[in-house]
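These figures come from a predicted structure and were not determined experimentally. Note on naming: letters A, B, ... go to the chains in the order of the sequence lines (proteins, then strands), and numbering restarts at 1 for each one. Only this structure's heavy atoms are used, side chains among them; waters, hydrogens and symmetry mates stay out.
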Amino acid sequence: MLRQFDKPLHQTQIGIEGAKNNKSALWCEGKPYNPKETEEKIYRLWEKSGYFNPDNLPVSKSKPHTLHPKPFCIIMPPPNANGSLHLGHALMLTLEDIMIRYKRMQGFKTLWLPGADHAGFETQIVYDKIVEKEGRNRFEIPAEKLFKEIWNFTQKNKVAMENQIRRLGASCDWSREKFTLDKDIVLKTQDTFIQMYKDGLIYRDNRLVHWCSKHQTGFSDLEIIHEEKSDPLYYIKYGPLTVATVRPETIFGDVAVAVNPKDKRYINLIGKEIEADVIIAKLKLKIIADSSVDPDFGTGAVKITPAHDINDFEIWQKNKDKIEKPKEVINKYGKMDLVRYFGDGEDVKKYEGLKVLEARKLIVEDLEKRGLIEKIDATYRHNIALCYKCKNPIEPRLMSQWFVRMTAAPHAQDQKSKIKNQNFSMSLRDMAVKVVKSGKIKFIPKRFEKIFFHWMKNIRDWNISRQIVWGIKIPAWQCQDCGYWMVVRNKPAKCVKCGSKKIERDSDVFDTWFSSGQWPFLTLGFNKTKSENPKSEIRNSKHGNDFKTFYPTDVMETGWDILFFWVARMIMLGLYRTGKIPFKYVYLHGLVRDAYKQKMSKSKGNVINPIEMIEKYGADALRMALIVGNTPGTDLAFSEEKIKGYRNFANKIWQATRFIVMNIKDIKLVGQIKLTASDKKLLKEFEMLKKKITKQIESFNFYLAAEEIYHYFWHVFCDKIIEENKSRLKEETMKNMEDRDAARYVLLEILKGSLKMIHPFMPFITEEIWQNLPGKNKNKMLMIEKW
RNA sequence: GGGCGGUUAGCUCAGUGGUAGAGCAUUGCAUUCACAUUGCAAGGGUCAUAGGUUCAAAUCCUAUACCGCCCACCA
């Protein structure tokens, strides 16, 4: 590469002869760079070129025989179609666009596949608020009508969002855009469920589920948060024993008392029955032994309420045969539900229908009146589970739901199970852990691998049933006579067990992450030809080979906050469904926070709107501000000031170009280029810089690459090189024409090379300049120039 | 309770074995000559603390302190 500078170059080789054709107006006005005049125009130019679509990319001229260049693919994490773009999206789009543009310039068959997420529960909540504002109640709107309303709502948002993505300069292939509720995605998601059911990886079970009584839906383990809280710990006399609890209102649902089998105080009572006075009844409770009981906590005796406490439920499961069934004394609205167990006596009706906290207060009073409260520990602090969205306490509830088996190996539970010929001997969890441990999937930064393993180690089965309308319907049908469940796409004519024709569909929908967990292979049209159901073959045939070409994809770039929700599930479901990893690298970016590292929120008033910033400073400035100094996995301190700094940088590029072009245009080169020793040194240093930046991008250190090119362009190229070469260009001080041309050559070479390297970071201004550079190849865009 | 990080200039953070770095901020000077959305220059850090390994430690090891985050079914 360096050798070419040693030999003389003719003017035709450096392309300055076309300078007079340059539209001089652009450069001669001394105005600052105005992104508004270029960005929209440039994006249209890109879209018109068709190069966002890998099928249209020119095949490398240097290797014309290369008919199948190496693919590079990123599946865009689909933004939720329920609002507008925020800085997190802007960061995600910038990082991915940098990788995509870089690889495209390197000649890869580059696909960035955009999408939008229906975002089940999240969108349901957003829409609920709209419904509320209109004075309606979502629980009173028929499901189908509500679904249609939300559909229209998301479609509108989707279009707005797509345009916002364009404004950031994202070079994604819009012709392949997918929505998580596209028909083929829905059908394929259901296919996966059906297949997993056959393979014994999905089962229905009645167990305690995290339930939010405000939102009226169950959750997975990930959708609850824990908060430390101070609550009185009540010591309640239970016949001969005393039990400690923070939830006296659950005493009505008690079915036993558990003690530690080694606890000498109670060893004689194990297996015996006691009678406890719970105001409205005298409960007969068996004393059982369970090693999970901590003898040092409270009195060492635990009341067991299997229907309303997860621990208690597990103890009940182990002792099913010895003690009675759970009693559900709190209903789905979080209110006391006693009459059905204890009759409608006055004392019972006193509590009936009261909210949990109201009931607790009253019950404590009544227990105290009877002298049944031994003591109250007011200093007790404990963790309680809350709904991640509304922060109301989770009320565990006994429910029949669909679960994904995470830690147990699959087993054929249907003749059509495929596990025998597909080599699935491991659990979903173990498969995923294996590919990360073996380095098939690499995390950036690496420390997230440890976090991933830790989470995987403790993972439990995944509840995927949601009691909302906005989502993908579960393909499961229940016989209304015998209760038998059938997992098939279409409604069965009759129950396969009892023959009854009274069949009804499960009214629940999937956890949205169950479908997004399949996003990489579904968007690429996995299993298009070999569908379990022919009806699902409705994907546009022109992208029929995408799965073969682009899967496994190269990079999954997303926020670390959805590592478990999304990344882990994509790995598991991808491996299960396709037998291959869904991506090779996981790049996890941090949260964008304000200048003081505070979370941005509407209530704090510190939210920065990316579109507003683009209006003010341009997309390039915003992109650069998001990248420089932003290390993977670490939250970013962000401010408008920072964007201003890179707006200034954009102008610097603009002005420097103006200077160079002004000194080149309308002047013909006189002959050969004779570079001085210092010219050669500069070009050599520039080659070194290129190598360094390439290496930094390859190793995902975009923050370093961006800073490097910024620093070089401004403080080396502008401040030193241009300044030092000024005298060689001026007529008064110029030594000779040859020396002038050498200076011109060096400046233009470095300018062009810099534009290429800046392009992935600041695509608009660099493309605009490139388009107006003297002597450029007609119609050739910087976007596809060789890196 | 389990786990993962961080502690470097006023601020935000790079730097992971070889004489302390960037951006912003601060201070001084310059300015019809591409650019004031500018240039030149300056000040500023015993790299949390204590031990250890090494010819050599901000960097590797151990401990301590403080800060942050994630996970979690002690009633």
Side-chain angles (χ1 to χ4, degrees), chain A residues 27-28 30-34 208 210 221-222 224-226 231 233-236 243-248 250 254 257-258 292-305 308-315 380 382-385 394 396 445 447-460 560-561 563-564 590-591 593 595-597 617-618 621 625 628-631 633-639 641-642 644-663 701 703-704 706-708 710-711 714-715 718-720 722-723 726-727 729-730 732:
Chain A
W27 307 106
C28 290
K31 282 195 249 164
Y33 169 63
N34 182 2
L208 271 206
H210 307 298
D221 291 346
L222 284 176
I224 59 162
I225 53 168
H226 295 273
D231 272 314
L233 180 65
Y234 302 96
Y235 285 72
I236 300 171
V243 293
T245 182
V246 287
R247 301 199 59 187
T250 62
D254 285 0
V257 172
S292 71
V293 177
D294 177 0
D296 298 326
F297 186 90
T299 61
V302 192
K303 64 189 223 40
I304 301 300
T305 324
H308 300 289
D309 183 285
I310 289 172
N311 273 315
D312 295 1
F313 182 76
E314 282 180 12
I315 292 178
Y380 182 61
H382 66 151
N383 288 310
I384 55 161
I394 287 292
R447 71 185 146 90
F448 281 101
E449 289 177 9
K450 290 184 196 167
I451 295 171
F452 173 81
F453 292 138
H454 182 252
W455 183 70
M456 280 297 200
K457 201 178 148 194
N458 301 311
I459 198 171
R460 295 191 296 167
W560 56 256
D561 51 327
L563 172 61
F564 308 140
L591 264 54
R593 295 168 179 266
Y596 310 98
K597 291 226 107 183
Y617 307 107
V628 176
N630 190 355
T631 47
T634 307
D635 292 353
L636 176 70
F638 195 73
S639 65
E641 283 305 304
K642 205 175 168 191
K644 270 188 202 166
Y646 294 100
R647 184 268 319 260
N648 296 354
F649 180 52
N651 189 49
K652 191 76 183 179
I653 301 172
W654 191 253
Q655 300 298 349
T657 309
R658 187 159 73 97
F659 173 80
I660 292 168
V661 172
M662 275 186 345
N663 279 283
N701 289 319
Y703 66 105
L704 289 180
E707 196 183 309
E708 194 81 40
Y710 168 86
H711 191 262
W714 197 321
H715 301 299
C718 291
D719 292 349
K720 304 231 159 64
I722 292 184
E723 290 303 322
K726 272 183 177 170
S727 64
L729 298 168
K730 272 192 221 160
E732 315 88 71

Same-atom distance (P) from B/G52 to B/U16, integer angstrom:
26 Å
Rounded to whole angstroms, how far apart are CG on A/N651 and P on B/U37?
9 Å
Examine A/K652 relative to A/Y710 and say whether NZ or CZ is less than 6.0 Å from the centre of the six-membered ring and inside a 45° cone about the ring axis.
no
Nucleotide B/U37, atom P - distance to NZ of A/K644 in whole Å:
11 Å
Both distances under 3.5 Å, Watson-Crick or G-U wobble: on that basis, could you give the dot-bracket string for RNA chain B, with [ ] for crossing pairs and | for other-strand partners?
((((((((.[[[[.)..(..]]]].(((((.......))))).....[[[[[..)....]]]]])))))))....
Does A/Y703 offer a backbone N or O that forms a donor-acceptor pair with the side chain of A/N630 under 3.5 Å?
no
Under 3.5 Å, is there an N or O donor on one side and an acceptor on the other linking the side chain of A/N383 and the base of B/A72?
yes
If the C1' atom of B/C33 is compared with that of B/U46, how far apart are they to the nearest Å?
47 Å
By the 4.0 Å heavy-atom rule, please label A/Y380 as base, sugar-phosphate, or nothing.
sugar-phosphate
Tell me, do A/R247 and A/D231 make a side-chain contact under 4.5 Å, heavy atoms counted?
no
What's A/K726 touching, base or sugar-phosphate or nothing? Going by heavy atoms closer than 4.0 Å.
base
What integer number of Å spans the C1' atoms of B/G45 and B/C40?
25 Å
Rounded to whole angstrom units, what separation is found between the CG atom of A/L591 and the C1' atom of B/C70?
13 Å
A/R593 CZ to B/C13 P: how many Å, rounded?
10 Å
Looking across every strand, which nucleic acid part, if any, lies under 4.0 Å from A/A637 by heavy atom: base, sugar-phosphate, or nothing?
sugar-phosphate
From the options B/U12, B/G39, B/A72, select the nucleotide whose nearest atom is closest to the side chain of A/H226.
B/A72
Compare all side-chain heavy atoms of A/D221 with those of A/F564 and state whether any distance is below 4.5 angstrom.
no
Name the nucleic acid region contacted by A/V628, choosing base, sugar-phosphate or nothing; use a 4.0 angstrom heavy-atom cut-off, strictly under.
nothing
Value in whole Å for how far the C1' atom of B/C74 lies from CD1 of A/I310:
13 Å
P gap between B/C61 and B/A72, integer Å:
29 Å
Quick one: pull up OH in A/Y617 and OH in A/Y646 and give me the separation to the nearest 0.5 Å.
14.5 Å
How would you label the contact of A/T631 with the nucleic acid (heavy atoms, under 4.0 Å): base, sugar-phosphate, or nothing?
sugar-phosphate
Give me the distance, rounded to whole Å, that separates B/U38 from B/A34 when you measure between the P atoms they each carry.
16 Å
For the pair A/D635 and A/W560, evaluate side-chain contact (heavy atoms from CB on, under 4.5 Å) and give the outcome as yes or no after the intermediate values.
CA-CA 10 Å; A/D635 292 353; A/W560 56 256; 3.3 Å; yes
What nucleic acid atoms does A/Y33 come within less than 4.0 Å of, heavy atoms only: base, sugar-phosphate, or nothing?
nothing
Using the C1' atom as the reference point in each nucleotide, state the distance between B/A14 and B/U54 in Å, no decimals.
26 Å
Can you classify the ring geometry of A/Y380 versus A/H382 as parallel (below 30°), tilted (30 to 60°) or perpendicular (above 60°)?
tilted
Assign a letter to each nucleotide of nucleotides 21-26 of chain B from its 5' end: B, base within under 4.0 Å of a protein heavy atom; S, sugar-phosphate only; -, no contact.
-SSS--
Tell me what A/L704 touches on the nucleic acid: a base, only sugar-phosphate, or nothing, going by heavy atoms under 4.0 Å.
sugar-phosphate
NA contact type, A/F564, heavy-atom cut-off 4.0 Å: base, sugar-phosphate, or nothing?
sugar-phosphate
Could a donor-acceptor pair under 3.5 angstrom be found where the side chain of A/K652 meets the base of B/C35?
yes
